[in-house]
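Data first, discussion second: the structure below is written as structure tokens.
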2 protein chains.
Amino acid sequence: MTAPRRRGRPGHDQDAVLTAAVRLFNERGYDATSMYDIAVSLGITKSSVYHHISGKEQLLQMAMDQALDGLFEAADEVRDLELPALDRLERLIQLCVIVLAERFEFVTVLLRVRGNTEVEQHALARRREFDAIVTDLVKQAQAEGGVRPDVDPATAARLLLGMVNSLTEWYKPRHGGAEAMAGAVTTIAFEGLRL
Amino acid sequence: MTAPRRRGRPGHDQDAVLTAAVRLFNERGYDATSMYDIAVSLGITKSSVYHHISGKEQLLQMAMDQALDGLFEAADEVRDLELPALDRLERLIQLCVIVLAERFEFVTVLLRVRGNTEVEQHALARRREFDAIVTDLVKQAQAEGGVRPDVDPATAARLLLGMVNSLTEWYKPRHGGAEAMAGAVTTIAFEGLRL
């Protein structure tokens, strides 16, 4: 999207289209949202939308990339920490909550995708790749004696991420900031509820 | 559905219609599934389907009731136990996993509903009622000194159920039986991953 803006419509650039699209995808579902709906919600014409975007599938891909890029950046950040695997795992789970809070609508889009198209399949493959990073951290933490040995690493990774991802179903900023929510998740998952 | 079966089609009764419908709802989505699709998947005519069922919304309601009734039966079972609140809470979470495993397709339908109709709104209200039961158990367990005081009961309840519900996204019987999976969930949530 390096073409000059011929129409001079500030605010209706690619980001604004993506934001509007993602909101509609989450409200009505991806299939039920048309490019026309996206244009109407921005108060512009459909051809103005196509000036910025090739089509609905590009918007879906951009939305999922926003979510996935955030998660992989968190994994990169954690990999470079000189800390025991348990602490890197805990930090990664905290960062997942923060990415989810900051990119809430994008993560929500990602988590509802079922793999019906090639673009969706590719996103699911990246999600599995991320799951594998978390699973490896659990394994390392077990090998270092930081995590209890009686849980299967892949199961633990899925349940940890399942707890994080459940936030897309109910989290509102009024429930507490992202850092506080990240703290609640890691307290329950790493320390356990039992006093 | 107390009308006599005039056509004598064993296996194509209401339960069979419900099972077929729920499978399609989860594969394609509720909106994308027609009564015709359900009939085709059973190899019967659409009018035979209407012999058993008033329409798609009845099927949705029946599916969600299967899930919700299972959860409320679990809550009833737990309420009558003469045990500390912590143990009742832990038992209820185990039972939630077992209900989810046994009624997998029904729970999956329930969790995808967004409240677009009155029937869906009613199901969401029952879900909130169930969440409140879990929240109350966390509160009681905190008051008895069984659960750490530094977690908000409603947040803890949502995260516990979020972890359980995430199973609809990935659980397959090959990952272990329902009892084993229930054990993994409660070990992580109550004892914590940290060794």
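To find a chain, count down the sequence lines: A is the first, B the second, and so on, and within it residues start at 1. Only a predicted model underlies this, so the values are computations on that prediction, with no experimental measurement involved.
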Contact class of A:L86 relative to chain B, heavy atoms under 4.5 angstrom:
side chain
Residue part contacting chain B, namely of A:V185, when any heavy atom lies under 4.5 Å
both
Could you have a look at A:E90, A:E27, A:M163 and say which one has the most heavy-atom pairs with chain B under 4.5 angstrom?
A:M163
Any Lys/Arg nitrogen of B:R79 or B:D76 sitting under 4.0 Å from an Asp/Glu carboxylate oxygen of the other?
yes
One thing to verify: whether A:E169 and B:R158 come together as a salt bridge, which I'm taking to mean a side-chain N less than 4.0 angstrom from a carboxylate O.
no
Please classify the contact of B:V151 with chain A as side chain, backbone, both or neither, using a heavy-atom distance under 4.5 Å.
side chain
Note, B:R126 side chain near B:F72 side chain (heavy atom, < 4.5 Å)
yes
How about B:N26 and B:V109: do any of their side-chain heavy atoms sit closer than 4.5 Å?
yes
Which one wins on heavy-atom pair count under 4.5 Å against chain B: A:G192, A:G29, A:P149, A:G146?
A:G192
Taking C-beta and beyond as the side chain, do A:T155 and B:W170 meet within less than 4.5 Å on heavy atoms?
yes
Side chain / backbone / both / neither for A:L167 at chain B, heavy atoms under 4.5 Å:
side chain
So which part of A:Q142 gets closer than 4.5 Å to some heavy atom of chain B, the side chain, the backbone, both or neither?
neither
Chi angles and distances behind the salt bridge (charged side-chain N to carboxylate O under 4.0 Å, His left out) call for B:R194, A:E191
CA-CA 6 Å; B:R194 189 187 300 275; A:E191 314 307 328; 2.9 Å; yes
